[in-house]
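First up is the structure itself, then whatever we jot down about it.
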Amino acid sequence: MSKNIRVLLPEEEIAQRIAQMGQQITEDYKGESVFLVCTLRGSCFFACDLAKRIDLPLTLDFVKASSYGSGTASSGKVKFDLDVELSMEGRHVIIVDDIVDSGHTLQALLSLFKDRGAKSVRVATLLDKPDRREVDVAVDYVGFAVPNLFVIGYGLDFDQKYRNLPYIGVLESD
Ligand code: PRP
């Protein structure tokens with residue numbers, strides 16, 4: 001399964017960085033509670049691990065958003081396949097994403113959640129691909145900035161496979 005995969009970020013490095021992010025969030029929201037919104041599917045591994053490293057009262061809910069249309073280029077239009085169920089009015093929301101690429105998904109989520117009366121909305125992402133950004137979105141907590149490579153593992157897929165790799169790898173062609 002792993003013969004064409006180059007390890008980019010080993011499991012231990014990811015765990016260490018997530019612990020730091022959790023500590024930072026704990027300090028930043030001291031005395032408050034936080035509402036984590038996990039963006040399915042890719043961020044489920046990261047969201048669960050990050051949540052365990054946040055020492056605050058915490059609520060967890062889920063959203064699934066995807067781009068309209070087909071092809072590899074982002075259309076910039078986002079639809080919601082699964083919405084958050086719990087009320088976020090007056091809550092400190094943190095959107096937890098596995099990767100920020102064009103930024104369209106985040107832009108749509110930020111706008112939606114602000115409209116719903118969240119007290120604040122911030123973003124935590126495990127990976128950031130700044131070279132791919134098409135819209136200007138503020139990302140508050142970044143695990144790792146990565147180059148424009150096809151990354152898989154730790155939630156990220158290629159054709160729905162490899163999400164269960166415990167590390168982040170790069171799929172290399174033969
Ligand atoms: C990925 C990722 C982000 C989004 C980022 O999800 O999880 O949510 O794309 O892309 P953007 O910055 O260009 O909007 P994807 O749609 O691949 O779904 P998945 O999590 O189910 O793999």
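Just follow the structure's listing: the first ligand is 1, and inside any ligand the first atom is 1. Values reported hereafter were calculated over all heavy atoms of this structure, with side chains retained and with hydrogens, waters and symmetry mates removed.
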Touching ligand 1 at all, Arg163? Heavy atoms, strictly under 4.0 Å?
yes
Around Gln23, counting heavy atoms of other residues, nucleotides and ligands shown, do more than 12 lie under 6.0 Å from its CD?
no
Within the side chain of Thr26, is there an N or O that forms a donor-acceptor pair under 3.5 Å with the backbone of Asp55?
yes
May I have all residue pairs that pass ring pair (Phe, Tyr, Trp, His ring centres under 6.0 Å) and include part of residues 131-155, sequence neighbours excluded?
Phe150-Phe158
Residues at least two apart in sequence or cross-chain that pass salt bridge (Lys or Arg N to Asp or Glu O under 4.0 Å) with Arg163, listed by chain then number, are Asp157
Using side chain to side chain contact (heavy atoms under 4.5 Å, CB included) as the criterion, point out the one residue from Val37, Leu106, Asp128 that pairs with Val123.
Leu106
State, to 0.1 Å, how close Arg91 and Thr59 come at their nearest heavy-atom pair, and which atoms those are.
NH2-OG1, 3.0 Å
Decide yes or no for Val121 and Ile95: does some side-chain heavy atom of the first lie under 4.5 Å from some side-chain heavy atom of the second?
yes
Do any nitrogen or oxygen atoms of Ser66 come within less than 3.5 Å of a nitrogen or oxygen of ligand 1?
no
Under a 4.0 Å heavy-atom limit, does Asp98 contact ligand 1 with its side chain, its backbone, both, or neither?
side chain
If the cut-off is 4.0 Å to any non-hydrogen atom of Asp157, which atoms of ligand 1 fall inside it?
22 (O)
What do you reckon, does Gly103 have a nitrogen or oxygen under 3.5 Å from a nitrogen or oxygen of ligand 1?
yes
Under 4.0 Å to a heavy atom of Gly42 - the qualifying atoms of ligand 1, by number:
19 (P), 20 (O)
At a 4.0 Å cut-off, with the gap strictly under it, does some heavy atom of Leu106 reach an atom of ligand 1?
no
In ligand 1, which numbered atoms sit nearer than 4.0 Å to a non-hydrogen atom of Ser102?
11 (P), 12 (O), 13 (O), 14 (O)
If we number the atoms of ligand 1 from 1 as shown, the ones under 4.0 Å from a heavy atom of Asp97 are 2 (C), 3 (C), 7 (O), 8 (O)
For Arg41, atoms of ligand 1 separated by under 4.0 Å from a heavy atom
19 (P), 20 (O), 21 (O)
Given the rule that I, L, V, M, F, W and Y join up when any side-chain heavy atoms are under 4.5 Å apart, are Leu126 and Ile5 in one cluster?
no
Taking 4.0 angstrom as the limit and counting only heavy atoms of Leu40, give me the atoms of ligand 1 inside it, by number and element.
20 (O)
Lys64, any N or O under 3.5 Å of ligand 1 N or O:
no
Answer yes or no: is there a donor N or O on one side and an acceptor on the other, between the side chain of Lys114 and the main chain of Ser120, under 3.5 Å?
no
Any nitrogen or oxygen of Ile99, main chain or side chain, under 3.5 Å from a nitrogen or oxygen of ligand 1?
no
